[in-house]
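Okay, so here's the structure we're looking at.
Just follow the structure's listing: the first ligand is 1, and inside any ligand the first atom is 1.
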Amino acid sequence: MSTFTLPGLGFPLIQAPMAGVQGSALAIAVCRAGGLGSLPAAMLSPEALRVELHRLGAGTSGPYNVNFFCHVPPVADAQREAAWRRLLGPYYRELGIDPAGIPAGAGRAPFSEAYADVLEAFRPAVVSFHFGLPAAPLVARVKAWGGRVLASATTVAEALWLEAHGADAIIAQGLEAGGHRGMFLSDALSTQMGLFALLPQIVARVRVPVIAAGGIADAAGVRAAMALGAAGVQVGTAYLLADEATTSAVHRRALQHEEAGHTALTTLFTGRPARGIVNRLIRELGPLPAEAPAFPLATAAIAPLRARAEADGSGDFSPLWAGQNASGCRAAAAGITAGLAEGFPTI
Ligand SMILES: Cc1cc2nc3c(=O)[nH]c(=O)nc-3n(C[C@H](O)[C@H](O)[C@H](O)COP(=O)(O)O)c2cc1C
């Protein structure tokens, strides 16, 4: 298997896009260190995306990746929303929050023509997607400016689907990975595999390059992934404590504590399964409550609890996204990138 290459890229290391904990500053630092920095756009308006892309372009002349979600926005279900707020009722009372004043809201927008309009002016070398791919005309727009289309697969079936629908490379997202599962063909968690099981099976079945993601924290992890046929790696959790990330104080504290060793897949914070450090809300309600509204609608009802608790320095109601291996976390993005790069054979 050949490595994943792009003009101007030092080595096939992608800094995982991480919505909510980083912007252009982290991406720029990684690009300057020779990796592929990523800008997560799932929580940015088109206007905010344009501002961040200007910063990226000013900060690096190297290639970069812009990442989007491509979920189908759900139809709101009033009954489920009411059940959800009932479940959270005791916490509203405890923290003195009036649930009637909480607006319903989406929180995360899928890729669309409006985002493509903004992107087109910047022509990013790579555009990556989570939760499948957008409609064919949108994929075609990215390819029209020469952009490479990447997308996450969590099963062999998803990898085959992505290849058939135009992905230029596939990110094999092992079960160890922090943040949202990119799963999109099935919502059965029993389909999800650890990276050592998933990666070689995908490599054996697709022709496009496969990028390994999930639990990679150091050069030895990079070497292991490359030995299993990866064309490159995508690393997220190791960058969460980087000075250039915007990770909150409560999140940073949890990552440096022993509790970081205990993560779970939970639908509590957004409605889709995502891996985060087990905190009070997960412990008390269980990680996968039936009442959680469809992605991304669960977010709105949690937001005021999170804000109130965080103001008091507590992460009890925060999504503390992290993968199963936080041992690679360091302070400076350049150092993290250089350390990981030592695992590539040509360096
Ligand atoms: C805090 C956090 C936020 C994430 N947000 C995104 C995102 O916005 N888009 C995306 O494609 N993947 C996202 N991911 C998943 C990463 O792309 C990747 O699969 C994962 O970080 C790899 O595993 P690792 O965290 O063990 O390195 C996120 C991961 C984390 C830890």
Side-chain angles (χ1 to χ4, degrees), residues 13-23 26-27 30 35-44 49 65-71 107-111 126-133 149-154 158 162 167 170-184 192 194-196 198-199 210-218 221-222 225 230 232-242 245-248 250-252 254-255 260-261 263 265-266 269-270 272-277 295-296 315 318-330 336-337 340:
L13 166 65
I14 304 177
Q15 164 251 315
M18 298 187 286
V21 300
Q22 58 125 156
L26 180 63
V30 173
L36 189 70
S38 296
L39 180 68
M43 294 166 79
L44 298 178
L49 174 63
N65 169 37
V66 187
N67 170 262
F68 295 88
F69 288 174
C70 40
H71 56 288
R108 288 163 180 83
F111 191 55
V126 177
V127 180
S128 73
F129 296 101
H130 219 40
F131 315 137
L133 285 171
V149 172
L150 272 57
S152 305
T154 67
E158 286 176 352
L162 292 170
I170 283 161
I171 302 157
Q173 189 195 31
L175 193 48
E176 304 90 334
H180 285 94
R181 305 296 308 143
M183 56 203 297
F184 62 95
Q192 302 293 286
L195 184 63
F196 266 37
L198 180 67
L199 174 63
V210 181
I211 313 287
I216 298 169
D218 54 23
V222 172
V233 301
Q234 175 161 302
V235 175
T237 297
Y239 287 98
L240 284 173
L241 290 181
T246 57
T247 315
S248 69
V250 295
H251 198 169
R252 284 179 187 267
L255 283 160
T263 63
L265 289 182
T266 180
F269 298 102
T270 66
R272 261 186 191 263
R275 184 174 296 286
I277 298 170
F295 180 89
S318 304
L320 304 171
W321 302 143
Q324 289 181 325
N325 188 355
S327 67
C329 291
R330 300 281 181 276
I336 300 164
T337 305
L340 291 162

*Take Leu150 and Ile14 through the side-chain contact (heavy atoms from CB on, under 4.5 Å) test and state the conclusion after the steps.*
CA-CA 11 Å; Leu150 272 57; Ile14 304 177; 3.7 Å; yes
_For atom 29 (C) of ligand 1, tell me which residue out of Gly178, Gly236, Ala177 has the closest non-hydrogen atom._
Gly178
*Ignoring hydrogens and geometry, is there a side-chain-to-backbone donor-acceptor pair from Gln15 to Gly35 under 3.5 Å?*
no
*Can you tell me if Arg252 uses its side chain to pair, donor with acceptor, with the backbone of Leu241 under 3.5 Å?*
yes
*Is the closest N or O pair between Gly215 and ligand 1 shorter than 3.5 Å?*
yes
*For ligand 1, indicate whether the residue Phe69 contacts it via side chain, backbone, both or neither (heavy-atom separation under 4.0 Å).*
side chain
*List the closest protein heavy-atom neighbour of atom 16 (C) of ligand 1: residue, atom name, distance to the nearest 0.1 Å.*
Ala16 CB, 3.6 Å
*atom 19 (O) of ligand 1: nearest protein contact (heavy atom, Å)*: Gln173 NE2, 3.1 Å
*Nearest protein heavy-atom contact for atom 17 (O) of ligand 1: which residue, which atom, what distance?*
Gln234 NE2, 2.9 Å
*Would you please test Thr154 and Gln173 for side chain to side chain donor-acceptor pair (under 3.5 Å) and show each step?*
CA-CA 5 Å; Thr154 67; Gln173 189 195 31; 5.9 Å; no
*asked:* Would Gln324 count as being in polar contact with ligand 1, using the rule that some N or O on each side must be under 3.5 angstrom apart?
replied: no
*Within a distance under 4.0 Å of any heavy atom of Thr237, pick out the atoms of ligand 1 and give their elements.*
24 (P), 25 (O), 26 (O), 27 (O), 31 (C)
*asked:* Quick test: of every protein heavy atom, which one is nearest to atom 1 (C) of ligand 1, and how far off is it to 0.1 Å?
replied: Trp321 CB, 3.4 Å
*For ligand 1, is there an N or O atom under 3.5 Å from any N or O atom of His130?*
yes
_Out of Asn67, Val233, Leu39, who is nearest to atom 10 (C) of ligand 1 when you count heavy atoms only?_
Asn67
*asked:* If we set the cut-off at 4.0 Å for heavy atoms, which region of Ala42 has an atom near ligand 1: side chain, backbone, both, or neither?
replied: neither
*Test item: Leu49 and Leu39 side chains (from C-beta on) under 4.5 Å apart, heavy atoms*: yes
_Validation row, ring centre Trp321 to ring centre His180 under 6.0 Å_ = yes
_Rounded distance [0.5 Å steps], NE2 in His71 versus CZ in Phe184_ = 15.0 Å
*Using the ring of each side chain (for Trp, its six-membered ring), is Phe295 parallel, tilted or perpendicular to Phe69, with breaks at 30° and 60°?*
tilted
*Of the listed options Gly20, Gly182, Gly214, Pro40, closest to atom 22 (C) of ligand 1 (non-hydrogen atoms)*: Gly214
*Give the atoms of ligand 1, by number and element, whose distance to some non-hydrogen atom of Val235 is under 4.0 Å.*
27 (O)
*Who are the side chain to side chain donor-acceptor pair (under 3.5 Å) partners of Thr247, not counting sequence neighbours?*
none
*Would you say Thr263's side chain and Gly276's backbone share a donor-acceptor pair under 3.5 angstrom?*
no
*Look at atom 12 (N) of ligand 1 and find which of Ala172, Gly179, Pro17 reaches it with the closest heavy atom.*
Pro17
*Met18 and ligand 1 - part of the residue with a heavy-atom distance under 4.0 Å*: both
*What's the spacing between Tyr239 OH and Arg330 CZ if we round to 0.5 Å?*
12.0 Å
*Please report which non-hydrogen protein atom sits nearest to atom 8 (O) of ligand 1, along with the residue it belongs to and the distance in Å to one decimal place.*
Ala19 N, 3.1 Å
